[in-house]
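Notes for the one structure printed next.
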Amino acid sequence: MTHKQTYTKRGFGFLVAGLAMLWSATAVATVVVDIPASTSWQQAITAGNIVPSANGDNLTQAALEFYVPQNVPLEVVGATLTPGVNGVSDGQTTIDNTLVMSWDLPTSNALAIAWWDYRFNTPLNMETGSSMIHFSVYPPPGVWDLSLELIDSNGRSRGWFRFGPANVWDTFWISPNLGLQNPFSFYWSDPLFDITQVVAVRFDESGMVSQPFPINPTGAGPAWNAWNSLRIEVPEPTTLALMGLSLAVLGGATRRRRGTF
């Protein structure tokens with residue numbers, strides 16, 4: 001075996017090892033939020049992490065980019081949150097221990113927009129592509145849109161919006177670092193949005209009088225929807241280091257394979 005063949009074989013071994021390290025690195029993540037598996041809806045509300053909208057709150061720029069072109073009057077209304085609601089059904093699937101958000105609908109038939117935020121105690125770095133937001137939600141008939149936004153420490157925003165969502169219990173995975181993702185139909189991000197300084201995840205919903213809702217299971221208001229779970233994952237610091245090391249190994253292997261010893 002020549003020196004060239006020996007180094008080529010070694011380079012291939014480095015390449016395989018590097019790929020294995022990279023694969024294992026991407027599999028490790030810190031679960032930042034896991035409701036209701038590790039924290040109940042009520043605990044998150046009591047701790048001040050889950051916060052509802054208030055009458056007259058300002059919309060983010062991402063929300064304005066979605067709602068304004070629809071050419072309907074807009075009104076931000078206060079939301080009422082009811083945790084631990086059982087028996088929320090879409091007609092086929094019934095879920096217990098849900099978080100129900102309720103809001104009033106203006107008689108003017110303006111589009112009433114409500115939301116709740118999950119606010120982090122310290123800004124969260126969601127820069128890597130393996131960061132993920134997972135949630136399960138039921139938007140009943142009457143819900144205008146299903147939306148998720150990220151807000152950074154400077155108030156800049158990034159959002160995914162789905163007009164006329166399916167009226168069933170459904171689960172979604174959102175990568176904070178990707179653009180438009182199915183089944184969402186609209187995406188917008190501030191060019192200066194800082195993904196390393198995320199202070200809140202926002203869930204927007206809206207409705208109007210002309211689109212009647214089924215009976216609210218909490219009796220708190222005519223408009224409502226429900227969430228079954230929220231899980232947010234980001235890579236662990238050791239994972240990021242391993243990913244960097246893996247890439248370095250891959251680069252070294254490539255150089256060796258190209259060598260002419």
Side-chain angles (χ1 to χ4, degrees), residues 23-52 62 79 81-86 88 90 93-101 115-139 143 145-152 157-162 165-166 168-184 187 189 193 195-205 224-240 243:
W23 177 86
S24 63
T26 58
V28 181
T30 297
V31 178
V32 180
V33 179
D34 196 1
I35 305 175
S38 63
T39 302
S40 72
W41 295 110
Q42 182 59 64
Q43 286 173 324
I45 293 170
T46 301
N49 295 114
I50 291 181
V51 180
L81 301 178
T82 308
V85 180
N86 294 327
V88 178
D90 63 5
T93 304
T94 300
I95 303 292
D96 292 334
N97 194 21
T98 67
L99 173 68
V100 173
M101 181 177 77
W115 64 71
W116 60 270
D117 291 347
Y118 188 92
R119 300 180 181 176
F120 302 108
N121 296 326
T122 58
L124 187 64
N125 183 350
M126 306 183 80
E127 186 174 20
T128 66
S130 54
S131 295
M132 196 66 66
I133 301 171
H134 173 265
F135 61 101
S136 177
V137 62
Y138 169 49
V143 168
D145 71 283
L146 171 65
S147 313
L148 179 145
E149 295 182 70
L150 303 180
I151 302 171
D152 72 13
S157 54
R158 169 177 293 183
W160 296 261
F161 301 82
R162 184 184 185 187
V168 296
W169 277 108
D170 206 351
T171 56
F172 302 89
W173 285 98
I174 287 288
S175 172
N177 290 280
L178 297 180
L180 188 62
Q181 299 166 63
N182 287 328
F184 295 89
Y187 167 78
S189 180
F193 177 77
I195 193 66
T196 70
Q197 294 288 311
V198 178
V199 297
V201 176
R202 173 168 295 179
F203 295 92
D204 313 70
E205 310 296 336
W224 65 280
N225 66 345
W227 285 264
N228 175 38
S229 62
L230 170 63
R231 183 181 174 94
I232 300 175
E233 301 176 1
V234 297
E236 294 179 358
T238 53
T239 298
L240 298 178
M243 290 176 70

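What you see is a predicted model, and the numbers here were worked out from it, not measured in a lab.
Checking D152 against Q197 by side-chain atom types alone, no donor-acceptor pair falls below 3.5 Å.
At distances below 3.5 Å, at least one donor-acceptor pair connects side-chain atoms of N177 with backbone N or O atoms of T128. A donor-acceptor pair under 3.5 Å links the side-chain atoms of T46 to the main chain of Q42, judged by distance alone.
For the atom pair CG (L180) and CH2 (W160), the distance works out to 10.0 Å, reported to the nearest 0.5 Å. Interatomic distance, CG of L230 versus CG of D34, reported as 8.5 Å (0.5 Å rounding). Once rounded to the nearest 0.5 Å, the distance linking OG1 of T94 with CG of D96 reads 8.0 Å. To the nearest 0.5 Å, atoms CZ (R158) and CD (E149) are separated by 12.0 Å. To the nearest 0.5 Å, atom OG of residue S131 and atom CD1 of residue I195 are 7.0 Å apart. Atom CD of E233 is separated from atom OG of S175 by 11.5 Å, given to the nearest 0.5 angstrom.
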* Report the C-alpha separation of V137 and D170 in whole Å, then their side-chain angles, then the decisive distance to 0.1 Å, and conclude whether the side-chain contact (heavy atoms from CB on, under 4.5 Å) test is met. => CA-CA 6 Å; V137 62; D170 206 351; 5.6 Å; no

* **Derivation and outcome, side-chain contact (heavy atoms from CB on, under 4.5 Å), residues Y138 and T98** => CA-CA 10 Å; Y138 169 49; T98 67; over 6 Å; no

* To do: Please test L150 against V201 for side-chain contact (heavy atoms from CB on, under 4.5 Å), starting from the C-alpha separation and ending with a verdict.
  => CA-CA 5 Å; L150 303 180; V201 176; 3.7 Å; yes

* Verify side-chain contact (heavy atoms from CB on, under 4.5 Å) between F120 and V33, making sure each step is shown before the conclusion. => CA-CA 9 Å; F120 302 108; V33 179; 4.0 Å; yes

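Listed by chain and residue number, R119, R202 satisfy the salt bridge (Lys or Arg N to Asp or Glu O under 4.0 Å) test with D117 (two or more places apart in sequence, or in another chain).
Side-chain contact between S147 and R162 is absent, with no heavy-atom pair separated by less than 4.5 Å. Under the 4.5 Å side-chain criterion, counting only non-hydrogen atoms from C-beta, L124 is in contact with V32. When side chains are defined from C-beta on, N49 does not count as touching T39, because their heavy atoms never get closer than 4.5 Å. A 4.5 Å side-chain heavy-atom check between I174 and F184 finds at least one atom pair inside the cut-off. Side chains of I232 and M126 form a contact here, defined as non-hydrogen atoms less than 4.5 Å apart. Side-chain contact between I35 and R231 is absent, with no heavy-atom pair separated by less than 4.5 Å. Contact check for I95 versus W169: side-chain heavy atoms found under the 4.5 Å cut-off. By the 4.5 Å heavy-atom criterion applied to side chains, F135 and T171 are not counted as neighbours.
Contact record, V85 with V88: CG1-CG2, 3.9 Å, taken as the closest heavy-atom pair. Taking each heavy atom of F193 and V198 in turn, the nearest pair found is CZ-CG2, 4.1 Å. Closest heavy-atom contact between P139 and A166: CG-O, 3.4 Å. Shortest non-hydrogen contact noted between I50 and W116 is CG2-CE3, 3.7 Å. For G84 against N97, the heavy-atom pair with the smallest separation is CA-OD1, 3.5 Å.
Using cut-offs of 30° and 60° on the angle between ring planes, the pair W173 and H134 is tilted.
Within 6.0 Å of CG in N121 there are 12 or fewer heavy atoms belonging to other residues, nucleotides or ligands.
You'll find the ring centres of F203 and W115 outside the 6.0 Å limit. Taking the six-membered ring for Trp, W41 and W227 have ring centres at least 6.0 Å apart.
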